[in-house]
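Below: one structure, written as structure tokens.
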Amino acid sequence: MSLGSTPIDPGLRLTATRFILLVLVAALTVGLVIWFADPAWALVSVALVAAVVIFLGVRRGVASATDTPVPAADHAAAVRHELQSLLEEISRLGASQCQSSGQDLDRVKGLLAQAIDQLVVSFNEMNHHIQTQRDLALSIIEGMTEEERGREGVSFAEFVMDTSKTMGDFVDNTLNTSKIAMGLVETMDVIDTEVQAILGILGEIESISKQTNLLALNAAIEAARAGEAGRGFAVVADEVRALSQRTNLFSQQIRGRMDSVHGSLNSANQSIYSVASMDMNFALESKHRVQTTMTRIAEINKAMSKAAREINEHAGQVASGVNDAVVALQFQDLTTQLINHAQAGMASAHDIAGQVNKAIHQEADIGRGLANARTLLRAQATSGKAQGHPVKQESLNSGDIELF
Amino acid sequence: MGKIVLTVDDSASIRQMVAFTLKSAGYEVVEAVDGEDGLNKARGKQANLVLTDQNMPKMDGLNLIKTLRGLPQYRSIPILMLTTESSDAMKAAGKAAGATGWLVKPFDPQKLLEVVRKVIG
């Protein structure tokens, strides 16, 4: 890098005016020394001033009192050297920047890949759970509604209807039984009256039998009084008496049976009466309660069915959201390609800087070297345009589909 | 067993998302990381559909399609291109190479399924 001397700062260069001024100051110093000091000192002073002036003249590139320019060949060499050093610096800095940025971009790609990996797994699982939730909601709907009955053929709604109807029938039957029992109680009363009437008729028969018995006794007494002539009549009178006694006996047997019938009827009457007089309000209240409960169950069923439908709808919306997320998650592929393209661009810029540097170094003539470098740059620019861009998307809207 | 779809893409996330979309619809999905890998996997297991990216290391999508069309067992198998490339020139090159269709990324999972159902049922 060194050329044998330090670069010249134009501000420090000795101009003719400055040189004359310096000489005048030196002459004044020498004069003063001569005036006041020893001649030997004066000689030394003159020699020293001369030495300083000559040294400065040579050192600062001024050989005479006039301001002559630096020779052209030396200047070109210095400029070339400076240019080369500058290009080397640019190349080195560019390389280090490219490397550092490239590493950063690699890290960005790594982080993106990792994040997307996890996101895709998460969305995958989410979708799976949503599907399960949807299936469950659908099975609830199937079990509850009439239009989508389950495999057993009886939906929950049908079950509620059946139960309600059965309970209604049961209460209606109970009420009907009570009504029939009331009718039976009336019939039993009628039967009882009839039985009483029969018993009254039996009393008549017994009375007739007693009178017949008395008449037969009287006839027997009259037959005995008639003697032998009434003997046959006495036999007849005895037979009539026996018949009246048998009639009386039958009548009593019938009365006994009728009494037993009467007792049985009474006990039946009591039972039927107890059934008929049972509090039917309980049955009516039960019917009402069952109806209320069943209405409530039907309402709950309807609400659950509605909730299940909503779950199903929400699951559908989540599935649609997952669909959109899958589209959006593809940004990683697009951005990675863009980053790769940017990295390639950076590498190419670095490469171009190196080549330009080399082109300038190879030529002895700096002008030709620069011209070569410019030609190289133009060629690179054209080939860069021709390479094109792999990603033209500006948004994450899903892309076109074309079937050939 | 469902029909086999071979997805070829150097981006792991795209492969995952294609697999996620198609598997949920009952397809079997085989993944390959670049054209060369795709070719080997296509030879190893007969696929019913090939879904490939264009820009990949080792072998790009167009070359993969050309090579697959050279194999008797892949002469009439549908091959779809799924790529960020959307220029008409590239599409024309794809058509010439023997691609069945061209899908520009990012893909909509539902639309991808529709296209797959259309070409292989």
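Below, read A as the first sequence line, B as the second, and so on, with proteins coming before strands; counting in each chain starts at 1.
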For this session: For atom NZ of B:Lys95, decide whether the heavy atoms of other residues, nucleotides or ligands shown that lie under 6.0 angstrom number more than 12.
Result: no
Seminar exercise, completed: Counting heavy-atom pairs under 4.5 angstrom with chain A, the leader among B:Ala12, B:Pro109, B:Pro78, B:Ser11 is B:Pro109
Exercise. Side chain, backbone, both or neither: which part of B:Lys91 has a heavy atom under 4.5 Å from chain A?
Worked result: both
Exercise. Which answer fits A:Glu402, side chain, backbone, both or neither, if we ask what part of it has an atom under 4.5 Å from a heavy atom of chain B?
Worked result: both
For this session: Measure distances from B:Ser13 to the heavy atoms of chain A and classify the residue's part below 4.5 Å as side chain, backbone, both or neither.
Result: both
For this session: Under 4.5 Å heavy-atom distance to chain B, tell me which part of A:Phe123 shows up: side chain, backbone, both or neither.
Result: backbone
Seminar exercise, completed: Cut-off 4.5 Å, heavy atoms of chain B, and the answer for A:Val120 is side chain
Problem set entry | N-O pairing of B:Glu114 and B:Lys111 below 4.0 Å | no
Exercise. If you draw a 6.0 Å radius around CZ in B:Arg75, do more than 12 non-hydrogen atoms from other residues or ligands fall strictly inside?
Worked result: yes
Problem set entry | Contact origin within B:Ile14 toward chain A - heavy atom pairs under 4.5 Å | side chain
Seminar exercise, completed: If you tally heavy-atom pairs under 4.5 Å between each of B:Gly101, B:Pro106, B:Gly94, B:Ser87 and chain A, the highest tally belongs to B:Pro106
Problem set entry | Pair B:Asp37-B:Asn40, side-chain donor/acceptor within less than 3.5 Å | no
For this session: Counting only heavy atoms closer than 4.5 Å, note whether A:Asn340 contacts chain B via side chain, backbone, both or neither.
Result: neither
Exercise. Hey, mind stepping through B:Lys45 and B:Glu28 against side-chain contact (heavy atoms from CB on, under 4.5 Å) and telling me if it holds?
Worked result: CA-CA 12 Å; B:Lys45 193 170 190 177; B:Glu28 192 189 331; 2.7 Å; yes
Problem set entry | chain A interface, residue from B:Gln54, B:Gln110, B:Met90 that has the most non-hydrogen pairs under 4.5 Å | B:Gln110
Problem set entry | Euclidean distance, B:Ile120 CD1 relative to B:Leu49 CG, rounded to 0.5 Å | 5.0 Å
Seminar exercise, completed: Under 4.5 Å to a heavy atom of chain A? For B:Leu80 that would be side chain
Exercise. Taking A:Asn124, A:Ile116, A:Asp324 one by one, which has the highest count of heavy-atom pairs under 4.5 Å against chain B?
Worked result: A:Asn124
Exercise. Where does B:Asn55 contact chain A at under 4.5 Å (heavy atoms): side chain, backbone, both or neither?
Worked result: side chain
Problem set entry | Option that, when pairs with chain A are counted at under 4.5 Å, heavy atom only, ranks first among B:Val119, B:Val104, B:Asp9 | B:Val104
Problem set entry | A:Lys302 bridged to A:Glu299 by N-O distance under 4.0 Å | no
For this session: Kindly compute the distance separating CG (B:Leu39) from CG (B:Leu68), expressed to the nearest 0.5 Å.
Result: 5.5 Å
Problem set entry | Steps toward salt bridge (Lys or Arg N to Asp or Glu O under 4.0 Å) verdict (A:Lys109, A:Asp106) | CA-CA 5 Å; A:Lys109 283 194 284 183; A:Asp106 281 340; 3.6 Å; yes
Exercise. Among B:Ile65, B:Leu82, B:Leu6, which residue meets the side-chain contact (heavy atoms from CB on, under 4.5 Å) test with B:Thr52?
Worked result: B:Ile65
Seminar exercise, completed: Answer key: most heavy-atom pairs under 4.5 Å with chain B among A:Val121, A:Leu112, A:Asp117 is A:Asp117
